[in-house]
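All values below were derived from every heavy atom in this structure, side-chain atoms included, with hydrogens, water molecules and symmetry-related copies excluded. Chain identifiers are assigned alphabetically (A, B, ...) following the order of the sequence lines, protein sequences preceding nucleic acid strands; residue numbering begins at 1 within each chain.
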2 protein chains.
Amino acid sequence: MTLDRPPADGGLRDRKKRRTRTALATAALRLVAEHGLDQVTVEEISAAADVSSRTFFNYFPSKDDALVGDQAALNARFVARLAEVPPEVPALAAIRAALGEVVEELQEDRELWLLRMDVVMRNPALLPRLVAAGAEAERAMTDVVAARVGVPADHGFPALLTTVTGAAFRAAALRWAATAGARSLADLVDQAFDTLAAGLPDPGTPEPHPSRTPS
Amino acid sequence: MTLDRPPADGGLRDRKKRRTRTALATAALRLVAEHGLDQVTVEEISAAADVSSRTFFNYFPSKDDALVGDQAALNARFVARLAEVPPEVPALAAIRAALGEVVEELQEDRELWLLRMDVVMRNPALLPRLVAAGAEAERAMTDVVAARVGVPADHGFPALLTTVTGAAFRAAALRWAATAGARSLADLVDQAFDTLAAGLPDPGTPEPHPSRTPS
DNA sequence: ACGAAACTTTGCACAGCCTGCAAGATCGCC
DNA sequence: GGCGATCTTGCAGGCTGTGCAAAGTTTCGT
């Protein structure tokens, strides 16, 4: 048994795989953006990427997965970042901080993610997939939060916090796409988390104790 | 043209339909609870309900829909309740109040919904479906909230509030099922909304201004 | 009670998604 | 060049979901 570790990046084989994967993903996004989710078959996507439809399923377990992207990897990195935030930081702020780094990654592939969010928005059947992709990672995240705040397992806070912040983040991302990236994703996420931290007050009702003028 | 309005409830035909629908739904839940989502086919569910598999699709557009129930109807009633809450009530409290009435409905079919939530929890692929079922109603809800708080369409608050409260409610419902209904759903929802209104502080950190000794 | 009209169930054909499996092509390394 | 590992592809097949038309059932008027 040779047990050679194949070069993870430099090899020709690896480059080909990477190219095929992005070709499939971008072809899927482009076609679905133009014709709609139901009007595009896996066969058409595969043809656009010059591979067989069987190969498509070697790269993505389902048609939807090619569209929503590798959420699992994003989530894993997010959880890793979250674990690095000092434990004194309250959980909500910690999540916000860890999310900031994820946001930067999305900004790097700005066009891709804008298109992706646009496609998700126009094909609501995909929105659930965004949740599903994060479902497993959400459990991991719940564990991290539970350990951080030190509550018993039957306490609902960790699960509530993770699912609510996840929803807030998705809302910000969709809004980002809705405005075609006019405002930065970081801004929108910040604003959403500010609202969350303030207890979701009606806008225009800044303070429950209006003794000071809001900033 | 006859234009007769068929009796919406009393007729034999209607009773049969109702029976078939619940037979399919309960058979689906029972079988999936026992064997898992992927191990149960539509044909098996239909056989258990003594109809053809083609008839199954006359009642439910997909296998999943038979399991998650008629979320759309629930949501519609919720939106109607929401519209009845006086406009002075802040949006978060208004949602909470409207949700209270929905919770009562779920309590009436307690066993059914506990089983349903249990199945969803054990088959995470269904969790997204809960969101999807509410997706359209969530837009309607967003509109109601926007009108209530009177913000421009490009403001993110209504969408944020609806998706976040939806997530909080689902979290409470799942927790309800996780504890087999030991605590009432109304209690769990109340607690989740209290936490939301408080800005999701860490438990054990009751006050943001620790000038007093924490309990 | 009879029959027409409306509705429901069912079988059939079919498209699309997705999964094993095995054969063939390609790449990495000696 | 040649061997082993990996990737691609075709094929067979099961399951989901839809359209269509035939057959069965309920409703309603006469």
Residue-level proximity of residues 56-63 of chain A to DNA chain D when a heavy atom falls under 4.0 Å: A:N58, A:Y59

Any chance CD of B:E101 has more than 12 other-residue heavy atoms, nucleotides or ligands included, within less than 6.0 Å? yes

Please tabulate, for the side chains in residues 105-112 of chain B, all donor-acceptor contacts under 3.5 angstrom to protein atoms that are two or more places apart in sequence or on a different chain.
unit_1	atom_1	unit_2	atom_2	d
B:E105	OE1	B:R77	NH1	2.6

Which pair of heavy atoms, one from B:P203 and one from A:V151, lies closest together, and at what distance? CG-CG1, 3.5 Å

Considering non-hydrogen atoms only, spot the tightest contact between B:L67 and B:L29 and give its length. CD2-N, 3.7 Å

Can you tell me which nucleotide in C:dC7, C:dT9, D:dC7 comes closest to the side chain of B:R13? C:dC7

Between the two ends of the helix from C:dA1-D:dT30 to C:dC30-D:dG1, what is the bend in degrees, rounded to 10 degrees, where each end axis spans five pairs? 10°

Applying side-chain hydrogen bond (donor to acceptor under 3.5 Å, both in side chains), run through A:R129 and A:Q71 and close with a yes or a no. CA-CA 10 Å; A:R129 285 296 178 135; A:Q71 294 289 62; over 6 Å; no

Verify the contact: side-chain N or O of A:K17 to OP1 or OP2 of D:dC7, cut-off strictly under 4.0 Å; return yes or no. yes

Can I get a per-line list of side-chain donor-acceptor pairs under 3.5 Å for residues 171-178 of chain B, giving both atom names and the distance, sequence neighbours left out?
unit_1	atom_1	unit_2	atom_2	d
B:R175	NE	A:D154	O	3.4
B:R175	NH2	A:D154	O	2.8

Starting from P on D:dT8, measure out to CG on A:D14 and report it in whole angstrom. 11 Å

Between A:R148 and A:D143, does any NZ, NE, NH1 or NH2 come within less than 4.0 Å of an OD or OE carboxylate oxygen? no

Are the side chains of A:V42 and A:S46 in contact, using a 4.5 Å heavy-atom criterion? yes

Gap between atoms CZ and C1', on A:R15 and C:dG28 respectively (whole Å): 13 Å

Separation of atom CG in A:D64 from atom C1' in D:dT16, rounded to whole Å: 14 Å

Respond yes when some side-chain nitrogen or oxygen of A:K16 is under 4.0 Å from OP1 or OP2 of C:dC27, and no when none is. yes

With A:D14 as partner, the option from A:K17, A:R18, A:K16 fulfilling salt bridge (Lys or Arg N to Asp or Glu O under 4.0 Å) is A:R18

Can you check the B:R19 CZ to C:dT8 P distance for me, whole Å? 15 Å

Strictly by ring pair (Phe, Tyr, Trp, His ring centres under 6.0 Å), give each pair with a member in residues 26-58 of chain A just once, sequence neighbours left out. A:F56-A:F60

At a heavy-atom distance below 4.0 Å, what parts of residues 31-55 of chain B sit against DNA chain C? B:V51, B:S52, B:R54, B:T55

Where do A:T55 and A:N58 land on the side-chain hydrogen bond (donor to acceptor under 3.5 Å, both in side chains) test, with the steps shown first? CA-CA 5 Å; A:T55 297; A:N58 287 339; 4.6 Å; no

